[in-house]
Amino acid sequence: MLNNPRSHGLWEVTAPPAPRTTALAGSQRADVVVVGAGYTGLSAALHLAEGGADVVVLEAAELGFGGAGRNVGLVNAGMWVMPESLVEVLGADYGERLLDFLGNAPRAVFDLVERHGIACEAETSGTIHCAVGPKGLRELEERAAQWQRRGAPVALLNAAQTADKVGTSAYAGGLLDRRAGTIQPLAYARGLAHAALAAGARIFTGSPVLSTEESGGRWTVRTPAGAVSADWIVVATDAYSSGPWSRVRDQQVHLPYFNFATEPLSEAARSAILPERQGVWDTKDVLSSFRFDQAGRLVFGSVGALRGGGAAVHRAWAKRALKRLFPRIGEVRFEAEWYGLIGMTRDNLPRFHKLDRNVLSFCGYNGRGIAPGTVFGRALAAHILGQVQEQDLPLPLSVPANPPFRAAKEAYYEVGAQLAHLVDSRL
């Protein structure tokens with residue numbers, strides 16, 4: 001995208017074409033203007049249009065340009081935070097409501113994929129969170145117990161069971177979450193855009209929002225060559241926010257994350273590694289993730305940015321790590337590499353903001369954007385359509401607050417990941 005092969009890598013090469021869109025020119029009127037064409041914005045637009053609202057979507061760059069087109073493609077349930085810790089932070093009412101909301105979120109994604117015929121390589125065989133050492137196993141034992149007490153279909157795997165499903169004896173165990181799965185993330189975003197357009201939404205790309213003003217009970221949102229007048233604004237720009245709503249981004253610390261995609265592996269390798277096609281990530285602080293795409297490429301990623309000296313460091317580490325995980329994999333050749341930014345909040349939980357009158361935002365997905373973005377967009381649509389009251393949404397209102405030492409933390413993550421991968425001789 002935008003002539004940068006390291007922005008979206010494999011996903012842009014293999015995704016079905018995006019719908020044809022143009023930049024906004026001239027004036028438009030709508031009930032709702034949605035700013036940002038990622039999962040939250042496109043889901044909101046789709047559900048609003050299906051509910052009878054007149055919707056305009058404004059995207060500064062291209063469809064799925066932000067995290068929606070760069071992530072690993074794991075459709076996870078819940079958040080990084082342990083279920084009981086989430087309840088402690090949000091309280092019993094919102095906490096349990098959010099756990100139920102996000103626990104069912106992958107199903108919402110796969111239902112949309114099926115209902116709209118979205119070609120996004122959807123795999124519904126679950127995900128496996130793999131334990132690195134005894135400490136990692138204790139973490140997964142506790143996570144499994146907390147989810148199982150809530151009736152979630154998760155199973156704790158021992159080392160042998162994990163080896164059977166993953167294809168390596170490197171892990172002490174794993175947590176299989178049958179609610180989850182994988183998709184081709186940019187293909188899913190483009191599919192949502194096709195569905196939203198078919199439902200009647202209007203989508204404009206290359207149309208960054210420069211300013212907003214309220215007059216006569218309506219908002220005017222201005223771009224370089226046009227303007228939209230609407231009753232409501234949905235701010236769905238999250239970690240890539242800029243312009244009038246840069247505070248949405250400013251409350252988050254950016255964590256860089258990269259992915260490498262191998263050439264398609266041999267049939268023998270594909271039958272031995274992830275034979276059931278789950279997506280995987282591990283319990284390390286500088287974690288790793290991997291999954292297959294439909295053509296048999298192994299997509300392998302970790303924390304770090306592919307810029308400056310980081311590209312060579314992370315590429316060499318990825319090849320070493322894959323050989324340690326799968327000694328019989330043979331010579332590893334990468335045919336694509338890319339990276340993006342994950343927005344991390346101070347407590348690793350998402351946020352619901354009312355940025356002004358009738359200006360709403362869900363954001364702060366902490367690396368869990370696919371399923372939460374989809375269902376939070378749907379929730380915003382239901383609220384705007386009058387189907388759900390504000391107090392019944394899955395998060396309480398909060399005010400954006402900048403974390404201390406944000407720039408220093410971001411530099412630390414990028415440099416620290418390079419150092420970790422330089423000296424790492426283990427998984």
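All values derive from a computational prediction rather than experimental measurement.
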Between the side chains of [Y] and [X], is the shortest nitrogen-to-carboxylate-oxygen separation below 4.0 Å, so that they form an ion pair?
{"X": "Arg138", "Y": "Glu141", "answer": "no"}
{"X": "Arg179", "Y": "Asp177", "answer": "yes"}
{"X": "Glu96", "Y": "Arg150", "answer": "yes"}
{"X": "Arg297", "Y": "Asp293", "answer": "yes"}

Side chain to side chain, [X] and [Y], heavy atoms closer than 4.5 Å:
{"X": "Ser207", "Y": "Glu59", "value": "no"}
{"X": "Thr205", "Y": "Leu24", "value": "no"}
{"X": "Leu360", "Y": "Ile233", "value": "no"}
{"X": "Tyr257", "Y": "Val72", "value": "yes"}

If you take all heavy atoms of [X] and [Y], which pair is closest and at what distance?
{"X": "Leu325", "Y": "Ala170", "result": "CD2-CB, 3.9 Å"}
{"X": "Ala77", "Y": "Ala180", "result": "N-CB, 4.5 Å"}
{"X": "Tyr413", "Y": "His254", "result": "CD1-O, 3.9 Å"}

### Task
Name all residues meeting the side-chain contact (heavy atoms from CB on, under 4.5 Å) criterion together with Glu12; count only those two or more places apart in sequence or in a different chain, and write none if there are none.
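Glu12 satisfies side-chain contact (heavy atoms from CB on, under 4.5 Å) with Met1, His8, Leu186, Arg190 once adjacent residues are dropped.
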### Query
When you check the side-chain N and O atoms of Asp238 and Gln252, is any donor under 3.5 Å from an acceptor?
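Per modelled atom types, Asp238 and Gln252 side chains form a pair under 3.5 Å.
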### Polar side chain donor-acceptor pair, His353 to Gln251, under 3.5 angstrom
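Yes, because at least one side-chain N or O of His353 sits under 3.5 Å from a partner of the opposite role on Gln251.
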### Query
Under the side-chain hydrogen bond (donor to acceptor under 3.5 Å, both in side chains) criterion, do Thr374 and Tyr188 qualify, and how do the steps go?
CA-CA 10 Å; Thr374 299; Tyr188 176 57; 2.9 Å; yes
#### Entry: Straight-line distance of Phe352 CZ to Leu393 CG, nearest 0.5 Å
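Those atoms lie 5.0 Å apart.
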### Task
Mind checking the OG1-CZ spacing from Thr283 to Arg143? Nearest 0.5 Å is all I need.
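It comes to 10.0 Å.
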### Query
Going by the angle between their ring planes, with limits at 30° and 60°, are Phe362 and Phe376 parallel, tilted or perpendicular?
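Phe362 and Phe376: parallel rings.
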#### Entry: Audit row: His421, Ser302, side-chain hydrogen bond (donor to acceptor under 3.5 Å, both in side chains) steps and yes/no
CA-CA 9 Å; His421 287 159; Ser302 184; 3.2 Å; yes
### Task
Check the pair Tyr365 / Thr40 against side-chain hydrogen bond (donor to acceptor under 3.5 Å, both in side chains), numbers first and verdict last.
CA-CA 10 Å; Tyr365 298 145; Thr40 306; 2.8 Å; yes
### Query
With sequence neighbours excluded, what pairs up with Thr237 under the side-chain hydrogen bond (donor to acceptor under 3.5 Å, both in side chains) test?
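If we apply the side-chain hydrogen bond (donor to acceptor under 3.5 Å, both in side chains) test to Thr237, skipping adjacent residues, the hits are Ser241.
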